[in-house]
Amino acid sequence: MKRILLSAFLGIAIISGLLSCKSGEEKNETAPAESASDKTATGPVEGDWLIYHLSAEPATLNPITATDAYEGIITGGNVYETLVKRDNATLELKPLLAESWTISDDKLTYTFKIREGIKWQDGVPFTADDIVYSYKTIMDPKVDAPQLRSYYQEIKDVEAIDEHTVKFTYARPYFLALEFCGGIPIVPRHIFEKGDFNTNPAGRAPVGTGPFRFVKWTTGREIVLEKNPDYWGEKPHINKIVFRIITDPSVALQVLKREELDVASLTPIQWEMQTGSPDFEKNFDKFSYYTPNYSYIGWNSARPFFSDKRVRRAMTHLVNRELILNKIMFDLGAVVTNPFYINSPEYDKDIKPIPYDPARAKSLLEEAGWTDHDGDGIRDKDGVKFAFEFLIPGGSETGEKIATILKEELDKMGIKMDIRKTEWAVFTTRLNERKFDAVTLAWSMGVESDPYQIWSSTQAESGSNFVGFKNAEADRLIEQARQEFDRQKRIELYRKFSEIVNDQQPYTFLFCRKATVAVAKRFENVTVYPLGVDPIEWYVPQELHRYAE
């Protein structure tokens, strides 16, 4: 699946929607039932709600125009569904809306047979025309979906053979074709074909085919889903999911401790220092696990400061990652050096981290011509002061600490850095418009990665290559790898690509962070899979039900 944008240090596997925290006056709609300590195993039963912490409010719930992870957390697999999905345990692709598929010998044609009898949640039948419409919409340059188009540009045609059969034809083979054809976001044609797609009201009130249906979105407060009584497949046990939006992690922890949240990501200090009390352990389980992700600092190469790789390498020399990992993140992660999941064979462990070395950073800056010509204490070049803005999303507590440490280092180096925090929607807008100097973020990845979305020069003007990385040899390697079906040969190409990225340092790669999550003890069947937890499987024993209609 596509790479998804995350706030760098919050909610990796359990990510959040925002709900403006309503303080202690916020009340439950029903009184609490028995405490978690009274839990008894009664087996799967229906009922109760899941109150889920979101640390940021999504800009939209339209899966085609969304660029961050928050939309996917809310609608992905809950409201909207795809033709195939990954098995939680084996990670193999398995049928969902499609009951089967065939692949031609030349790997250019993928034909899916759609299950019969599926309806959109407004009662309109789901057909192959919805898939064709969704594809054509993604490829429409007027639609705000450049991050998706990069994965579908090799498709020559998508055809509805009949109401329940759809065929994708590629111009060239692509090693992730089945994953992306099968995972294409599908929206209802009869709703979205009316008016401007980018601003269609369904972006705030989605209608899908999934096990939950949209109820309401109260801006700054919560997004609510309820069980879809007409769902075509196996229905979930939980009746309602409330995504509560709280941007301040300290406030979120307070609300969690009051048991007004059931699931929340924990910051490293919360995990290590603030959730070990007997009361907390009585009511919550904590889970820590790796999922495919990495965080980074991105340097906008369109800015005069960061157009020179010597400056970008100097910046990396000034980030003491081992210290940050140990003192701020309590070793809940690992330092990374290249853009693949650290526990995948594509990741090149031979590339060692560029060390923290202020002396080397100073030398590189002076080689690049950034010295203090006028004696005011700030380096300059060609009349431009080395003064820039470091953009971080609001609520990123760890990101703010890292920014503060970096600022101190840069002050000593004669570089002025201002830290700018913005709410998530503003943050992503500035990224998309390239209106930033430097930024810290994270990428969440699929099981296998294609670096095209983030690193191809074709994505530098509009797309996910926010930092404007352009390198002809890297482009060639990326393109060659996309058509290489032999994984070992693909890995060899990616090793060469990673060496280029390491040399150029468009990012200062930071960490693969462990997901650190708290889940209310009343939930049963909470399993940690290779890609995280799956709340749709959870249930609450009858005697521990907390909420009712």
Would you confirm whether the ring centroid of F485 sits within less than 6.0 angstrom of the ring centroid of F175?
no

Would you please classify the geometry between the F305 ring and the F386 ring as parallel, tilted or perpendicular, with 30° and 60° separating the classes?
parallel

Check ion pair K435-E389 (N to O, under 4.0 angstrom):
no

Does E461 come within less than 4.0 Å of R434, counting only side-chain N to carboxylate O?
no

Count the heavy atoms belonging to other residues, nucleotides or ligands that lie under 6.0 Å from CD of E234, then report whether that count exceeds 12.
no

salt_bridge(R360, E367) N-O dist < 4.0 Å
yes

Whether over 12 other heavy atoms sit under 6.0 Å from R303 CZ:
yes

Between F306 and F388, is the gap from one ring center to the other below 6.0 Å?
yes

Applying side-chain hydrogen bond (donor to acceptor under 3.5 Å, both in side chains), can you list everything that pairs with E473, at least two apart in sequence or on another chain?
R476

Could you pull out all residues at least two apart from K381 that satisfy side-chain contact (heavy atoms from CB on, under 4.5 Å)?
W370

For Y347, give me all partners under ring pair (Phe, Tyr, Trp, His ring centres under 6.0 Å), at least two apart in sequence or on another chain.
none

Matching residue for E400 among R420, K421, K407 - test: salt bridge (Lys or Arg N to Asp or Glu O under 4.0 Å)
K421

Could you tell me which non-hydrogen atom of G532 sits nearest to which non-hydrogen atom of Y289, and how far apart they are?
CA-CE1, 3.6 Å

So, using side-chain contact (heavy atoms from CB on, under 4.5 Å) as the criterion, who are the partners of D87 when residues are at least two apart?
A89, T90, K94

My understanding is that only residues two or more places apart in sequence, or in another chain, count here; which of them pass side-chain contact (heavy atoms from CB on, under 4.5 Å) with K489?
E484, D486

Which residue is it: E448, Q483, Q480? I am looking for the one with a side chain to side chain donor-acceptor pair (under 3.5 Å) to R490.
E448

Strictly by side-chain hydrogen bond (donor to acceptor under 3.5 Å, both in side chains), give each pair with a member in residues 497-511 just once, sequence neighbours left out.
W299-T508, K309-D503, R312-Q504, T316-Q505, T316-T508, W443-Y507, N502-Q505

Sequence neighbours excluded, which residues qualify as ring pair (Phe, Tyr, Trp, His ring centres under 6.0 Å) partners of Y110?
Y170

Please enumerate all residues that pass ring pair (Phe, Tyr, Trp, His ring centres under 6.0 Å) together with Y452, with sequence neighbours excluded.
none

Who passes side-chain hydrogen bond (donor to acceptor under 3.5 Å, both in side chains) against N320, sequence neighbours left out?
none

Mind checking whether N465 and I454 have side chains closer than 4.5 Å, heavy atoms only?
no

Mind checking side-chain hydrogen bond (donor to acceptor under 3.5 Å, both in side chains) for R495 and listing every partner two or more places apart, or none if nothing turns up?
none

Once ring pair (Phe, Tyr, Trp, His ring centres under 6.0 Å) is applied, do any residues pair with F192, and if so which ones, sequence neighbours excluded?
F197

For I64 against P185, the heavy-atom pair lying closest together:
CG1-CB, 3.9 Å

Listed by chain and number, what are the side-chain hydrogen bond (donor to acceptor under 3.5 Å, both in side chains) partners of E92, not counting sequence neighbours?
none

For L365, the option from D308, I415, T371 that meets side chain to side chain contact (heavy atoms under 4.5 Å, CB included):
I415

